[in-house]
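Heads up: the structure comes next, in structure tokens.
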Amino acid sequence: MSIEVRAITKKFSRYPALDSVSLKVETGELVALLGPSGSGKTTLLRIIAGLEFPDDANSRVLFDGTDVTQLSAYRRHAGFVFQHYALFGHMNVFDNVAFGLRVKKRGHRPAAADIDRRVRELLEAVQLAGYEKRLPSQLSGGQRQRVAFARALAVEPQVLLLDEPFGALDAKVRKELRRWLREFQDRIKLTTIFVTHDQDEAFEVADRVVLIDKGILQQVGSPAEVRAHPANRFVAEFLDLPLPTPAS
Amino acid sequence: MAGSASSFPVRARVDAPAAATSDPLFVRVLLISIVFVVFTIFFVLPLVVVLKEAFSKGLPAFLMVFQDSATAHAVQLTLLTAAIVVPLNTIFGLAAAWAVTRFHFPGRPFLISLIDLPLWVSPVVGGLIYVLVFGAQGWFGPWLLENNIRVIFAVPGIVLATTFVTFPFVARGLIPLMQAQGSKEEEAALSLGANGWQIFWRITLPKIKWGLFYGIILCNARAMGEFGAVSVVSGHIRGKTNTMPLHIEILYQEYQFSAAFAVAFVLCVLAIVTLVIKTYAEWRAEQQLAEAARSH
Amino acid sequence: MKRHTLPGFGITLGYTLVYLTLIVLIPLAALFLKTQSGGWHHFWETITSPQVVASYKVSFGISFLAAAVNGVLGVLAAWVLVRYRFPGRRLLDAMVDLPFALPTAVAGIALTTLFAPNEWIGQFFAYTQPLGAWASPQSPTGAWLATQDWARPYLGPTGIRIAYTQIGIFIALTFIGLPFVVRTVQPVIQDLSLDVEEAAACLGASRWQTFTRVVLPGLLPAIFTGVTLAYGRAVGEYGSVVFISGNLPFQTQITPMLIISKLEDYDYTGAAGLGFVMLLASFAILLVSNFLQAWNNRRNGVA
């Protein structure tokens with residue numbers, strides 16, 4: 001499923017968080033939103049998920065061309081993975097992953113046996129088979145994040161949104177999970193947007209990189225393009241590249 | 001994430017769909033209405049009743065109530081009781097909190113539970129146990145009678161029962177605060193050669209003053225308002241062993257409603273002042289707690 | 001923490017122990033010994049006599065109802081005070097502690113006056129009023145009620161009786177217990193991370209599903225703790241109940257009141273026996289509360 005946002009504007013009390021941001025992410029693409037903290041990248045992701053809403057009447061969020069601007073999060077069914085996992089602390093791993101299937105309306109809800117099979121498949125896929133009965137508090141950070149992935153994927157979302165998914169993990173686990181995400185994405189080709197402030201992460205994993213600062217899109221392009229031709233002073237400084245010369 | 005908190009719950013655009021963390025408008029209106037109704041019945045109306053009944057015969061009649069010698073004596077006895085009990089329990093609370101938060105020793109959890117005991121035991125039982133020790137049929141009853149010392153049905157019994165019911169308040173205000181603050185600063189002062197007394201006055205007391213104040217205020221409110229425990233030990237002797245709450249009961253049972261409510265009004269004012277000070281002291285104590293958390 | 005590095009261990013612990021021994025331990029010992037003084041048989045007869053057993057039902061039963069209602073109202077109030085913004089919120093928040101600060105006797109006479117027949121709230125339950133009409137002898141439901149033994153205490157000459165019945169006791173006990181639940185649940189709601197609710201929404205859960213399946217289970221330990229605290233307080237409560245109850249044996253006599261009437265009859269052994277039962281009940285409730293608190297802490301340790 002493709003995702004398009006048009007002229008997204010959002011203000012928090014006084015300062016603008018996003019200023020007329022437009023972007024299109026194609027089906028199956030893996031895009032990184034990269035910027036310093038407070039740049040508005042997380043807000044953009046949350047607006048796509050339906051967790052925040054734009055202030056401006058002309059702002060639009062389109063999934064596959066359908067306007068979903070007025071749909072709240074629970075009708076958009078975007079898979080969302082939070083920086084701090086946001087696992088349900090009183091549920092074990094199995095129940096966390098099964099949650100999205102169990103809250104479906106009767107008629108759409110899979111049978112218990114199907115839920116069981118699906119959850120086990122997913123835990124297999126994130127290499128957590130055998131951890132069904134553990135509580136989130138009994139898992140390491142990397143394991144928790146993989147449970148969060150499995151939980152988001154259980155409802156078969158058409159789009160996956162990741163908010164600093166590896167931000168709270170140590171360097172080694174980050175690297176592993178990064179590689180795992182890229183391979184996983186290559187395999188299932190799910191439209192994915194992830195937010196990060198870490199340029200290595202963005203450049204290693206993403207098909208395209210979107211640079212944001214102060215609520216304004218600074219540059220959109222493939223890692224190679226952005227590296228070769230930083231669009232402005234911000235991009236160059238943020239990426240530690242030589243300043244662009246006006247002529248080029 | 002910072003943004004989500006500031007935009008919650010009112011957003012600029014009224015037609016925007018509900019945020020995932022806010023409840024639908026009708027639910028909010030319904031729940032807020034229920035809370036307003038419940039709080040009005042339980043917390044506002046009782047105060048209004050007391051106010052209205054106390055002044056139902058006008059201000060002069062209200063003032064006359066306190067010229068009655070029995071009423072005046074009840075006020076004095078309540079003040080006297082609080083004046084004895086509150087300092088005693090303050091010193092106890094400080095000592096107990098120091099012992100429990102600065103040292104580890106066997107039986108410490110048991111001691112903490114023991115400090116909480118009066119909050120769990122019926123105040124009537126709190127009074128009863130002193131009757132069983134000092135009453136005519138009690139342990140020391142015969143001896144006290146021989147020496148013509150009165151404890152039960154007299155002021156000492158009232159002080160004892162009030163002490164029992166109110167001793168946890170100062171300690172409970174201090175223990176969580178002092179636990180969170182830890183004893184690093186005290187140990188630093190010790191290494192600089194300060195003695196125990198200096199450490200307490202210069203290091204500990206300034207850090208805990210709002211928690212201490214908060215505990216003293218609550219202790220005082222309960223000491224002046226205690227009814228059940230005092231009722232058991234006092235004997236209800238008019239003009240001798242009646243505190244204000246007991247005097248309210250007598251006036252009420254004699255159908256002197258406006259007089260009963262006049263005395264109740266004074267205690268209401270005390271309660272409201274206590275709540276105002278408590279809200280402020282709690283806020284300051286929280287700040288001290290937050291400072292402690294930050295410096296760790 | 002190093003042992004005994006700071007000064008004052010001996011004096012503060014010594015003072016604490018002496019104080020507690022004099023104020024608590026010796027008098028409690030007196031209670032235990034007095035309980036024994038009449039012999040086991042007498043003790044057992046005292047604490048199981050029909051009037052006493054009736055008072056247990058009133059004290060422990062109505063306290064349970066009041067604590068359960070507090071569980072619902074307290075969570076609702078805590079949720080509203082933490083999650084909603086509306087004018088008057090801070091004032092309501094400060095008011096929650098009123099039952100802690102208001103002397104129980106004052107609460108007692110004020111609630112009695114509110115709910116007595118023909119008074120402030122009581123008047124709305126007269127048979128001529130909408131709230132009381134259904135119980136009027138002229139109405140079919142009222143005519144049926146009049147034939148029921150259990151309903152008799154509540155049917156006054158002019159309207160439904162609230163004060164001087166078990167309903168009155170229930171109201172007083174709800175009043176004094178409410179802050180315990182609100183103040184226990186409030187900080188836990190405050191600390192809930194909104195992430196978790198958002199995660200549930202993204203997974204397709206409606207707001208109601210999110211509340212019942214994600215939020216409420218997380219609050220349960222705190223709710224149970226608050227309800228236990230409210231129950232413990234209600235079981236022993238005396239001042240706010242004595243005025244509104246009417247103190248009718250077998251009907252509206254609570255156990256603490258029975259202790260006082262035994263003392264007034266100079267039946268010290270009987271009073272001690274009942275006091276002992278109340279004390280045991282308090283210990284049992286305290287144990288449950290400690291257990292729940294441990295559960296609560298463990299839950300809160302979860303990321």
Side-chain angles (χ1 to χ4, degrees), chain B residues 4 9 20-21 23-24 28 31-32 34-35 38-39 42-43 45-46 49-50 53 92 95-96 98-99 102-104 114 117 120-125 128-133 137 139 163-164 167 183 186-187 190 196 221 225 227-228 232 245 248-249 252 260 264 267-268 271 274-275 278-279, chain C residues 1 4-9 12-13 15-16 19-20 23-24 26-28 30-31 34 73 76-77 80 84-86 92 94-95 97-98 101-107 109-111 113-114 120 175 178 194 197-198 201 207 232 236 238-239 256 259-260 263 268 271-272 275 278-279 282 285-286:
Chain B
S4 74
T21 50
D23 300 327
R28 278 185 304 201
L31 296 190
I32 291 173
I34 293 174
V35 168
V38 170
F39 278 37
F42 277 152
F43 303 144
L45 283 182
V49 166
V50 172
E53 299 287 331
F92 165 76
W98 184 271
R102 296 297 180 252
F103 307 102
H104 280 262
L114 197 61
L117 184 85
W120 289 94
V121 171
S122 173
V124 170
V125 175
L128 170 69
I129 56 178
Y130 293 105
V131 175
L132 297 178
V133 175
Q137 297 177 38
W139 275 359
T163 305
F164 175 84
F167 77 71
S183 49
E186 279 87 350
E187 280 162 9
L190 188 72
F227 181 74
V232 175
I248 291 174
E249 185 189 23
Y252 190 82
L267 289 178
C268 267
T274 302
L275 278 190
K278 176 188 164 285
T279 307
Chain C
M1 198 185 299
H4 303 201
T5 43
L6 289 172
F9 177 67
T12 55
L13 184 65
Y15 181 75
T16 305
Y19 200 84
L20 286 175
I23 300 285
V24 185
I26 291 178
L28 280 184
L31 176 70
K34 193 73 190 175
L73 285 182
L76 203 150
V80 167
Y84 301 162
R85 293 291 173 271
F86 54 93
L92 290 189
M95 256 189 235
D97 288 321
L98 189 72
L102 194 68
T104 52
V106 177
I109 62 169
L111 289 173
T113 306
L114 276 179
W120 299 58
F175 166 82
L178 190 57
L194 296 179
E197 288 166 54
E198 292 179 342
R207 188 71 189 137
Y238 175 72
I259 294 179
I260 290 196
L263 278 178
Y268 280 26
M278 296 292 292
L279 201 61
S282 303
I285 299 168
L286 178 68

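Just so you know, these numbers use all the heavy atoms, side chains as well, and skip hydrogens, waters and symmetry mates. Chain letters run A, B, ... following the sequence lines, proteins first, then strands; residues in each count from 1. Fair warning: this is a prediction, and the values are worked out from it, not measured in the lab.
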Interface moiety of C:Leu92 toward chain B, non-hydrogen atoms closer than 4.5 Å: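 Backbone plus side chain of C:Leu92, per the 4.5 Å heavy-atom cut-off to chain B.
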In terms of heavy-atom proximity below 4.5 Å to chain B, should C:Met278 be classed as side chain, backbone, both, or neither?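 Side chain only.
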Any [X] side-chain heavy atom under 4.5 Å of [Y] side chain:
X	Y	result
B:Asp23	C:Tyr84	yes
B:Phe42	C:Leu98	no
C:Leu28	B:Leu117	yes
B:Tyr130	C:Ile23	yes
B:Pro46	C:Leu111	yes

If you tally heavy-atom pairs under 4.5 Å against chain B, which of [options] wins?
options	result
C:Tyr268, C:Tyr238, C:Phe86	C:Tyr268
C:Leu13, C:Ile26, C:Leu286	C:Leu286
C:Pro27, C:Gly239, C:Ala94	C:Pro27
C:Ile259, C:Leu178, C:Asp97, C:Leu73	C:Asp97
C:Leu76, C:Val24, C:Leu263, C:Leu279	C:Leu76

Supply the atom-to-atom distance C:Met95 CE to B:Phe39 CZ, rounded to the nearest 0.5 angstrom.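 Between atom CE of C:Met95 and atom CZ of B:Phe39 there are 8.0 Å.
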Write down the atom of [X], the atom of [Y], and the distance for their closest heavy-atom approach.
X	Y	value
B:Ser122	C:Gly236	OG-O, 2.7 Å
B:Leu31	C:Val80	CB-CG2, 3.6 Å
B:Leu267	C:Pro103	CB-CG, 3.8 Å
C:Ala271	B:Leu128	O-CD2, 3.5 Å
C:Leu102	B:Cys268	CD1-SG, 3.7 Å
B:Ala221	C:Ala101	CB-O, 4.3 Å

Less than 4.5 Å to any heavy atom of chain C: does that hold for the side chain of [X], its backbone, both, or neither?
X	result
B:Val131	both
B:Tyr252	side chain
B:Ile32	both
B:Trp120	both

For chain C, which candidate among B:Thr163, B:Val121, B:Val232, B:Leu275 shows the most heavy-atom pairs at distances under 4.5 Å?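 That would be B:Leu275.
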Out of B:Thr274, B:Thr279, B:Leu45, return the one with the most heavy atom pairs under 4.5 angstrom to chain C.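 Looking at each option in turn, the highest pair count goes to B:Leu45.
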Parallel, tilted or perpendicular: which one describes the rings of C:Tyr19 and B:Phe92, with boundaries at 30° and 60°?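 Geometry flag for B:Phe92 against C:Tyr19: parallel rings.
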Going by the side-chain contact (heavy atoms from CB on, under 4.5 Å) test, name the single residue among B:Val50, B:Ile248, B:Val49 that passes it with C:Ile109.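 The side-chain contact (heavy atoms from CB on, under 4.5 Å) with C:Ile109 is passed solely by B:Ile248 among B:Val50, B:Ile248, B:Val49.
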Backbone N/O of B:Ala96 and side chain of C:Tyr15: donor-acceptor pair under 3.5 Å: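 Side chain of C:Tyr15 to backbone of B:Ala96: no pair is present.
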